[in-house]
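Before any comments, here is the structure.
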Number of protein chains: 2
Amino acid sequence: MAGEDIDDVDKAILYALQEDARNMSSGDIAKRTGTSDSTVRKRIQRLESDGVVKGYSASVDYGKSGYPLRMLLYCTASIPKRGELVPEILEMDGVVAVQELVTGEQNLLVTAVGETDSDITSIAQELLDMGLTVADEVLVRTHETTPFGKFDAERHAENDS
Amino acid sequence: MAGEDIDDVDKAILYALQEDARNMSSGDIAKRTGTSDSTVRKRIQRLESDGVVKGYSASVDYGKSGYPLRMLLYCTASIPKRGELVPEILEMDGVVAVQELVTGEQNLLVTAVGETDSDITSIAQELLDMGLTVADEVLVRTHETTPFGKFDAERHAENDS
DNA sequence: TGTGAAATAGAGCCTGA
DNA sequence: TCAGGCTCTATTTCACA
């Protein structure tokens, strides 16, 4: 019910918070949007309580912090139990992400980070112990993310009067 | 060269910043680590300049903000050009992540977000125009992330005096 | 590591659509 | 009635020693 009422100011806020969630002040965003800092702060609170903003996280280079291995583990779970398993998998030491995929097979994609192969195999073993099948493992060489472009007002400057 | 000198204080900082990069003050982290807030702030600056912390980003629920489609696009690129293409792909409107995979085939994994199918097919077309082959597309039902457990001092309380 | 100046966030109030 | 903007106070940050 808190869905589609995302206007251009909200998008600009979301984009700014994706660019730099820690150092971007409400005043900075206010300057971009032509509003006041208190308005931006209240908008952010609303976006948070509506669940549009789920949280703020530092992006860490795991390689530089001593954990050079990043792997994708493709798992198969029975359909009814798939969703219930996700929180448990997220608690596992070394798992940084879990995605439910809409495919017949290999419907859980687990991203694991570790220092050595044994860290990863340990996670794979835990997944097996939960009753999951680990169908494939792929090593990730690089991983880059970027703010969502459709929140960027600059790039979508077509329909403003 | 800025690699392995990550001590327990650094790990606690990294964990705290992954938990809540925006609202976690240096003082909060100082209380956890038994140091002072100015020490924490200087540590953070060092982690940032060393590239261990790559940035801070808001985690957005794209579904609730009007973009319910999240897809994984598995692409094949010739090995020599693969790395050079990544920045260009990240610039594409709707792409939120690109990963280089260490496999013979399907060695680029692009995560795209959109409102409708045509948003995604548009991205797929752009990838084709770059000379990439889109080998497979998978819809993502849910996507959850979590802080890296090995940075959590609580969970690894074995070798403290 | 600790201190003082500047900036930022949060709560309450007021205005206008 | 409610969202935007203003003001005041408590925190937080930054630069300095």
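These numbers come from a predicted model, not from an experiment.
The side chain to side chain donor-acceptor pair (under 3.5 Å) search around A:Glu48 returns A:Tyr56, not counting sequence neighbours. Checked against salt bridge (Lys or Arg N to Asp or Glu O under 4.0 Å), B:Asp37 has the following partners two or more places apart in sequence or in another chain: B:Arg41. For the side chain to side chain donor-acceptor pair (under 3.5 Å) test, residues two or more places apart in sequence or in another chain that qualify with B:Thr35 are B:Thr33. Applying the salt bridge (Lys or Arg N to Asp or Glu O under 4.0 Å) rule to B:Lys54 yields no partners; only residues at least two apart in sequence or on another chain are considered. With sequence neighbours excluded, no residue forms a side chain to side chain donor-acceptor pair (under 3.5 Å) with B:Thr121.
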Counting only pairs under 3.5 Å, give me each side-chain donor-acceptor contact of residues 132-145 of chain B, with atom names and distances, residues two or more places apart or in other chains.
| unit_1 | atom_1 | unit_2 | atom_2 | d |
| --- | --- | --- | --- | --- |
| B:Thr142 | OG1 | A:Glu100 | OE2 | 2.9 |
| B:His143 | ND1 | B:Arg70 | NH2 | 3.4 |

Under 3.5 Å, side-chain donor or acceptor atoms of residues 11-22 of chain A against the rest of the protein: list the pairs with distances, not counting sequence neighbours.
| unit_1 | atom_1 | unit_2 | atom_2 | d |
| --- | --- | --- | --- | --- |
| A:Gln18 | OE1 | A:Phe148 | N | 2.7 |
| A:Gln18 | NE2 | B:Tyr62 | OH | 2.9 |
| A:Glu19 | OE1 | A:Arg32 | NH1 | 2.8 |
| A:Glu19 | OE1 | A:Arg32 | NH2 | 2.7 |
| A:Asp20 | OD1 | A:Arg22 | N | 3.2 |
| A:Asp20 | OD1 | A:Asn23 | N | 3.1 |
| A:Asp20 | OD1 | A:Asn23 | ND2 | 3.4 |
| A:Asp20 | OD2 | A:Asn23 | ND2 | 3.0 |
| A:Arg22 | NH1 | B:Ala21 | O | 2.7 |
| A:Arg22 | NH1 | B:Met24 | O | 2.8 |
| A:Arg22 | NH2 | B:Met24 | O | 3.1 |

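Chain B approaches DNA chain D within less than 4.0 angstrom (heavy atoms of the protein), and the contacting nucleotides run 5' to 3' from D:dT12 to D:dC14.
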For this session: For nucleotides 6-17 of chain C, just jot down a letter per nucleotide in 5' to 3' order: B, S or -, based on protein non-hydrogen atoms under 4.0 Å.
Result: --SBBSBB----
